Asker: 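Below is one structure. I have some questions about it.
Values below: every heavy atom of this structure, side chains too, minus hydrogens, waters and symmetry copies. Quick caveat: nothing in here was measured; it's all calculated off a predicted structure.
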Amino acid sequence: MSQMITAELVDLELDLAADSKEAAARSLAERMVALGRVTDLDGFLADVAAREAQMPTGLDGGIGIPHCRSAHVTEPTLAFGRSAAGIDFGAPDGPADLIFLIAAPAGADDAHLSILSSLARQLMDAEFTAALRAAATPARAAALIRGEEAGEPEGAGEPEPVTEEPAADPAAGPFRIVAVTSCPTGIAHTYMAAESLERAGRAEGVEITVETQGSSGFTRLDPAVIAAADGVILAHDVPVRDKERFTGKPTVDVGVKAGVNRPAELIAEVRDKAARGEITEPGARPTPVEAGGEPGEGYGTMLRKWLMSGVSYMVPFVAAGGLLIALGFALGGYKVSEAPSVMEHFVWTDATSWAALLFQIGGVAFKFLVPVLAGYIAYGMADRPGLVPGFVGGAIALDIKAGFLGGLAAGLIAGAVVMAVQKARIPAPLRGIMPVVVIPLISSAVVGFLMFLVVGEPISKLQSALTSWLNGLSGANVIVLGVVLGLMMCFDLGGPLNKVAYTFAIGGLADGSDGSFKVMAAVMAAGMVPPLAMALATTVRGRLFTRAERENGKAAWVLGASFVTEGAIPFAAADPLRVIPSAMAGGAVTGALSMAFGCTLRAPHGGIFVVPLIGNAFLYLLAIAAGTAVSAALVVLLKGLRKQRPEAEAGAEDLDGAKVAVAA
């Protein structure tokens, strides 16, 4: 590690230069740039921000460990900062005073990544972190991290053995656990979770063997060790490779940070499952909502993940069905919706017949929206057993005209019912038929009863009232709704809030009302603005952006025109405080103008390619152009103000409201 960390890469007064995690990363990254370890500061920080967006990198114990693999890094590098005031990296126990910025090249070799993994393990040692907090000079701190000073974190000997009180038969030996840890970059949390689990295992008298699936590769657990294990802990944020190896064992499946922060609880949980005889059924797979039911998460977070699971599976049906309907309208006009079934009348040489065919295929695809939404919400909650009652409940919602609100309710009810059934203790001979017979039967009956006789009618009336409200909007109310929808579409650029607004819009299309068509038009127009604005800004003021951003700007023209709001994410990840407010301002302008102009849209997707299906198309394009101009102008203005501040001159920094002289 001698070449990875030097005194020049250590800042023991980081709080004088930074009061946020973004500023801390920039301050430490500038030291890497000065030593030639990073070639593009903004590009590297964009990669750091993108990794941070996946999951906060704060850890219990006052540690922040932002890290990434980046094409802008020339060699594996470590920078260390110490903040007396503390900087928030999203840790449950508060701000971090020890901040490590780990930079790995995109093609880092295994040897260097192994060194980085050893640092991650060191961070779990209390003596090591205490020595860093007491280090008086950067040279001393760097030497500690390199392991060249006394008090080396790995210790000279093994911990003293802990005598375990046998749970049952002493002759049976200690409880054995196999574990897998992995994180998105495979650099830090993977190895920190492994170290944490191993330490907790020694303290509990449990024999634990960990497979770290990191960037430097992984050594597969011996099949004999797995076979002898009494339980399994999977602490991961990316799919576990060859997960089927652990089928038939009591298993705890959580996020990697749970392995770091609460290993003793995980060990206790897997022991409880083993005592109850709970095992992973053959063929069981993880839900698309990783750690959706993790005890450390609040109900609001879990609910958002469950809903996003349903929306993510529904969107492809929306895109396919909506564009087929749009093509049908484009070829056959609006009266194509009145055409007879192509099964009864189809002329091979008649364009109208082909238009009717496309329209009717799209209509069939659209009928799946509510059942798919409900089915995969239940899937996100309860895995595959939730699919049957979820789809059944969604189909009932469609049948009783409860719409998307009914689908949301059906999915949540189905997932809750299945989770309740799964908690029942089942005799071993019946476990094999539970997933394919008992759970689908009981849960579908309960969900059907609730949807038909209890919640269905109130939700149907609410859906009808919502449609009437949309149709009755006029004047200032319409403009306010457009502003709100525009802000939602541009706030998280394809994230949960964006999807809420989008789902609200497509939910009204099935009603065929004029108000719903106006909402759909405003939502799509606002969603096109962020990538178009970033493309325009990189064109007119390219010097304010990095080379990578200028290249992304070229692609953003096409993405924005195609209504792919996510095209602005690279820009927001690199500079969220300037890009996101600018995007929201433009989206609000576009949403308000679209509603004020009375623009309508019958297709749920397509961008400029469905302009023939837009009511008041010229004014619609004008609204998009206005919002794009506003967003581009704001982001150029804000970035220009930042560039005007000399980066290297001595000056007075504003620290906690006071002017403090800072040497250049």
Side-chain angles (χ1 to χ4, degrees), residues 20 22 42 46 49 53 475-502 504-505 518-545 549-550 552-553 556-557 559-599 601 607-608 619-644:
S20 67
E22 292 83 9
D42 289 334
N477 291 332
V478 169
I479 296 174
V480 171
L481 179 60
V483 169
V484 172
L485 291 173
L487 292 172
M488 293 175 68
M489 288 299 293
C490 300
F491 173 71
D492 51 6
L493 306 175
L497 203 60
N498 171 285
K499 289 296 187 287
V500 167
Y502 182 59
F504 173 70
K518 290 179 181 178
V519 168
M520 188 70 249
V523 162
M524 189 170 81
M528 293 166 66
V529 165
L532 289 176
M534 296 306 106
L536 178 60
T538 57
T539 300
V540 299
R541 286 291 187 274
R543 62 183 177 80
L544 298 176
F545 298 86
E549 287 175 327
R550 291 194 294 271
N552 287 332
W557 285 114
L559 295 173
S562 304
F563 181 38
V564 181
T565 313
E566 290 84 347
I569 287 179
F571 302 92
D575 195 0
L577 296 180
R578 293 173 180 83
V579 171
I580 291 178
S582 302
M584 291 175 66
V589 169
T590 294
L593 290 176
S594 176
M595 295 294 278
F597 293 155
C599 302
L601 175 63
I608 63 170
L619 293 176
Y620 187 74
L621 295 176
L622 180 63
I624 295 173
T628 299
V630 168
S631 285
L634 280 175
V635 79
V636 165
L637 174 64
L638 294 175
K639 283 183 174 287
L641 292 175
R642 181 190 69 183
K643 292 292 183 181
Q644 289 173 13

Asker: As a quick check of understanding, evaluate side chain to side chain contact (heavy atoms under 4.5 Å, CB included) for L544 and V636, giving each step before the final call.
Answerer: CA-CA 8 Å; L544 298 176; V636 165; 3.9 Å; yes
Asker: What are the two closest heavy atoms between G527 and M489, and how far apart are they?
Answerer: CA-CE, 3.9 Å
Asker: Please lay out, stage by stage, how V635 and R541 fare under the test side chain to side chain contact (heavy atoms under 4.5 Å, CB included).
Answerer: CA-CA 10 Å; V635 79; R541 286 291 187 274; over 6 Å; no
Asker: Could you report the tightest heavy-atom contact between A505 and M520, atom names first, then the distance?
Answerer: CB-SD, 3.8 Å
Asker: If you measure from NZ on K639 to CG on D42, what distance do you get to the nearest 0.5 Å?
Answerer: 7.0 Å
Asker: Can you tell me how far apart CZ (R578) and CG (L634) are? Round to the nearest 0.5 Å.
Answerer: 13.0 Å
Asker: State whether the side chain of S562 and the backbone N or O of G607 hold a donor-acceptor pair below 3.5 Å, judged by distance alone.
Answerer: no
Asker: Contact between M528 and I608 at the side-chain level, heavy atoms closer than 4.5 Å - yes or no?
Answerer: yes
Asker: Could you report the tightest heavy-atom contact between G586 and V529, atom names first, then the distance?
Answerer: C-CG1, 4.0 Å
Asker: Short question: side chain of T538, backbone of A535 - any donor-acceptor pair under 3.5 Å?
Answerer: yes
Asker: Find out whether V519 and L481 are in side-chain contact, i.e. whether some heavy atom of one side chain is under 4.5 Å from a heavy atom of the other.
Answerer: yes
Asker: Can you name the closest pair of heavy atoms from S582 and L638 and give their distance?
Answerer: OG-CD1, 3.7 Å
Asker: Looking at CE of M595 and CD1 of I479, how far apart are the two atoms once the value is rounded to the nearest 0.5 Å?
Answerer: 9.5 Å
Asker: What distance separates T565 OG1 from Y502 OH, expressed to the nearest 0.5 Å?
Answerer: 9.5 Å
Asker: Does the pair L536 and W557 meet the rule for a side chain to side chain contact (heavy atoms under 4.5 Å, CB included), with working shown?
Answerer: CA-CA 8 Å; L536 178 60; W557 285 114; 4.0 Å; yes
Asker: With a 4.5 Å limit on heavy-atom distance, are the side chains of V478 and K518 in contact?
Answerer: no
Asker: At what distance, to the nearest 0.5 angstrom, does CE of M524 lie from CG of L485?
Answerer: 14.0 Å
Asker: Nearest 0.5 Å, what's the CE-CZ distance between M534 and R550?
Answerer: 15.5 Å
Asker: Taking all atoms of both residues into account, what is the closest heavy-atom pair of G587 and S631, and its distance?
Answerer: N-OG, 4.3 Å
Asker: Please answer whether the main-chain N or O of C599 pairs with a side-chain N or O of S594 as donor and acceptor at a distance below 3.5 Å.
Answerer: no
Asker: Can you name the nearest heavy-atom pair linking A568 to P531, along with the distance?
Answerer: CB-N, 3.8 Å
